Asker: 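What follows is a single structure, and I will ask about it in a moment.
Residue numbers begin at 1 in each chain, while the letters A, B, ... track the order of the sequences. Computed from a prediction, not measured in an experiment: that's the story for all the values here.
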Amino acid sequence: MIKNTVFRTITIAILFCFILWGNASAHRVIAFASYDGRIITVEGYLSGGERVRNGKVIVKDSTGHTVATGKTDEKGIFSFDPKGKPPFSIVLKAGPGHLAKTVINIPKSPPKDISRKMVHRGSSASPSNSASRREPSNGSLSSAKTVCPNDAILAKLESIRLDIDELRRDQEQVRLHDILGGIGYLFGIFGLIAILKSRDKKS
Amino acid sequence: MHISEGILPAWSLGAGALLSMPGLYIGFKRLTPKKMPETALLTSGFFVASLIHIPIGPTSAHLLLNGLLGIILGPRAMPAIMIALTLQAILFQFGGITTLGVNTFTMGYPALLCYICCHGIIKRRHPLAAPIVGGLCAGLTVLMSGVLTALFLATAGEGFYLAAKLLISAHMPISVVEALITGVVISGLLKIRPEVFEA
């Protein structure tokens, strides 16, 4: 009877922990870096999806020189101009003892030129491009012609990048089945120790 | 409180692992098959407690419950903490495998000290003194873990006082919560199963 009460109390305590666990969970720092053609953006998260605010960021290029330092903003974001030799190694410090590292490589040729080439090709060879179709056939607006499809592509890329970030964040979250699995492992490990110890005693 | 991988120098990691060995040895020696279910249950509590966090500054602090573990399990708290930390490192990447020794040291020895400090008083089973002393000791255990973590971070070039200040201020609310939880648990266990404190 008493034993049952103890087990019930501890089970309730563990369930209480699960209830509290709810919205966010612990404690691993994750850093993502992305390049939009001009700047590199670093985003810091804790494994519960919470953003790392005021986290210290140190960026070094492949030669080991520090190319940028700073702190993440309220959204957990830090951006810098990639001056130096890629790839860039980024360290995000989120308080004492908590650190995340990531590396980002960027293309050597400026993506501006690539996108311009793409746009020129797109405007001449692919009339189905929606952004090009919207342009009036006016010679004076030729510069606008080269900008709008570029913006459309960049916007599309940005939305894909955000989707990838969202998926990554989702993947990094601590899941209930992992916790339950962990508890199962714990009981298994202690069960194994118990078997080994009782064998020792018998022998 | 978990120190991540890639922060501490190799000698510091080695020292942490070596210093944890005596505590682990004594703990494993005391781990009898009869005490196994109780140890497994409390280890699960410690394992889950680290997932409950309070956002503070750029990071967050989480419950530890190492004081409670120390009070109930005594020397067995060291292997219990080590096993829970191993699973946390493997399953959630909290801390890390290389920092396992250091993290066991920073969370395990304060638990052991907590047991040494308040075991005598709790054993007397006083309905008021035992929960109060146990709760206070558990609260202080969290802060002591913070100081030990700061000590190890100092070996990586981070200023000890700054790290200790940050860790202690971040864990102050946690220590209050843990003191309350531990007090309530001790009070409850004294009523329903006082022999649990005969670790």
Side-chain angles (χ1 to χ4, degrees), chain A residues 2-3 5-7 9-11 13-14 16-22 24-30 44 46-48 50-56 71-72 76 91-101 172 174 178-179 181-183 185-191 193-198 201, chain B residues 1-7 28 31-34 36-45 47-53 55-63 79-80 83-84 86-88 90-95 99 149-150 152-153 158 162-164 166-167 170 181 185 188-189 192-193 196:
Chain A
I2 292 169
K3 268 188 183 176
T5 321
V6 174
F7 273 82
T9 312
I10 295 170
T11 313
I14 291 173
F16 176 70
C17 290
F18 277 121
I19 292 161
L20 279 175
W21 170 65
S25 54
H27 213 69
R28 182 182 154 210
V29 187
I30 305 143
L46 297 175
S47 53
E50 191 192 327
R51 290 163 195 272
V52 176
R53 295 177 186 89
N54 292 318
K56 195 178 175 187
K71 283 187 173 181
T72 54
V91 175
L92 170 65
K93 289 183 176 179
H98 294 93
L99 171 146
K101 287 178 183 174
E172 301 291 348
V174 175
D178 290 331
I179 298 166
I183 293 170
Y185 274 119
L186 279 172
F187 278 90
I189 290 165
F190 281 105
I193 298 170
I195 291 167
L196 292 172
K197 287 247 177 185
S198 55
K201 271 190 176 177
Chain B
M1 203 71 84
H2 301 69
I3 298 178
S4 305
E5 304 218 46
I7 293 178
F28 273 115
L31 205 56
T32 56
K34 204 181 164 190
M36 219 59 86
E38 178 190 277
T39 313
L41 267 176
L42 281 153
T43 310
S44 305
F47 175 77
V48 177
S50 297
L51 303 169
I52 302 159
H53 81 138
I56 299 157
T59 183
S60 65
H62 56 79
L63 286 180
I83 292 168
T86 309
L87 284 173
Q88 284 179 347
I90 294 168
L91 295 173
F92 312 132
Q93 286 82 48
F94 296 171
T99 55
T149 306
F152 272 99
L153 289 173
E158 291 196 29
L162 182 69
L166 280 170
L167 281 165
I181 291 174
V185 171
L189 284 173
I192 56 170
R193 203 187 173 189
V196 87

Asker: Spell out, as yes or no, whether a donor-acceptor pair under 3.5 Å connects the side chain of A:K197 to the backbone of B:F28.
Answerer: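 Yes; judged by distance alone, with no hydrogens or angles, the pair exists.
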Asker: For B:F47 and A:L186, which heavy atoms make the closest approach, and how far apart are they?
Answerer: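 Minimum heavy-atom contact is CB-CD1, 3.7 Å.
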Asker: Using every non-hydrogen atom in the two residues, find where B:P33 and A:A194 come nearest and quote the distance to one decimal.
Answerer: CG-O, 3.9 Å
Asker: Which value, rounded to the nearest 0.5 Å, describes the distance between B:L91 atom CG and A:Y185 atom OH?
Answerer: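 Reported value, rounded in 0.5 Å steps: 6.5 Å.
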Asker: Does any heavy atom of chain A fall under 4.5 Å from the side chain of B:T149, the backbone, both, or neither of them?
Answerer: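 For B:T149, there is no contact with chain A at all, as no heavy atom is under 4.5 Å.
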Asker: Measure A:I193 against the heavy atoms of chain B and call it side chain, backbone, both or neither at under 4.5 Å.
Answerer: both
Asker: Which value, rounded to the nearest 0.5 Å, describes the distance between A:F190 atom CZ and B:I83 atom CD1?
Answerer: 4.0 Å
Asker: Counting only non-hydrogen atoms closer than 4.5 Å, does B:L31 touch chain A with its backbone (N, CA, C, O), its side chain (CB onward), both, or neither?
Answerer: both
Asker: Is B:E5 in contact with chain A via its backbone, its side chain, both, or neither, using a 4.5 Å heavy-atom distance?
Answerer: backbone
Asker: Examine whether an atom of A:K101 lies under 4.5 Å from a heavy atom of chain B, and if so say whether it belongs to the side chain, the backbone or both; otherwise answer neither.
Answerer: side chain
Asker: Rounded at 0.5 Å granularity, tell me how far OG1 in B:T39 sits from CD1 in A:I189.
Answerer: 13.0 Å
Asker: Who among B:T43, B:I3, B:V185 has the most heavy-atom pairs with chain A under 4.5 Å?
Answerer: B:T43
Asker: For the residue pair A:F187 and B:S44, what are the closest heavy atoms and their distance?
Answerer: CE1-OG, 3.2 Å
